[in-house]
**Q** 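Could you have a look at this structure, given as structure tokens, before my questions?
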Amino acid sequence: MGIREKLIEFEELSQKKCTVTLVTDGGLRNGAELCVENCRCVKNCDDNFIVLSVFGMDIHVSGAPLVFENFGIGGVKITGKIHSLTFEEN
């Protein structure tokens, strides 16, 4: 494998990484902020349940009420009282 092929592989792998950050202030039920970078698509979104598709898995977020925001290319932010956060391979 030459340098060019290694650089192409490195670039492809770097684009497939996803960063999930959960910030709580006084516990999950009192309010939280979930930031997901490199989100591929939003599969489901309502006031109580959001499903995000990232590379290799789906992220299920349930809570009440949830507020969904877009903060850039491939980045989303969810705020509210988060009850559960589940990761499911796809």
**Q** About how many Å separate CD1 of I78 and CD of E69, when rounded to the nearest 0.5 Å?
**A**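 Here the interatomic distance stands at 10.0 Å.
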**Q** Linking I/L/V/M/F/W/Y whenever any side-chain heavy atoms sit under 4.5 Å apart, do V20 and V51 land together?
**A**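 The answer is no; the residues belong to distinct hydrophobic clusters.
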**Q** May I ask whether V42 and V36 are part of the same hydrophobic cluster, defined by side-chain heavy atoms of I, L, V, M, F, W, Y residues being less than 4.5 angstrom apart, directly or through others?
**A** yes
**Q** If I take atom NE2 from residue H60 and atom CG from residue L52, how far apart are they, to the nearest 0.5 angstrom?
**A**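 Nearest 0.5 Å value for the NE2-CG distance: 9.5 Å.
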**Q** Can you give me the closest heavy-atom contact between K43 and S53, atom names plus distance?
**A**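 Closest pair (atom of K43, atom of S53, distance): CE-CB, 3.9 Å.
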**Q** Quick check for you: to the nearest 0.5 Å, what is the distance between R40 atom CZ and D58 atom CG?
**A** 10.0 Å
**Q** Which heavy atom of N70 sits nearest to which heavy atom of G75, and what is that distance?
**A**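 Taking every non-hydrogen atom into account, OD1-O, 2.8 Å.
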**Q** What's the separation between atom OG1 in T21 and atom CG in L34, rounded to the nearest 0.5 Å?
**A**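 If I round to the nearest 0.5 Å, the distance is 8.0 Å.
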**Q** Quick one: CG on D46 to OG on S62, what's the gap to the nearest 0.5 Å?
**A**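 It is 10.5 Å, given to the nearest 0.5 Å.
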**Q** I need the L66 CG to N48 CG distance, nearest 0.5 Å.
**A** 6.5 Å
**Q** If we only count heavy atoms from C-beta on, is the V54 to N38 side-chain gap below 4.5 Å?
**A** no
**Q** Test side-chain contact (heavy atoms from CB on, under 4.5 Å) on I82 and L22; report intermediate values, then the result.
**A** CA-CA 10 Å; I82 297 175; L22 179 64; 4.0 Å; yes
**Q** Do you reckon F49 sits in the same ILVMFWY cluster as M57, going by side-chain contacts under 4.5 Å, direct or chained?
**A** no
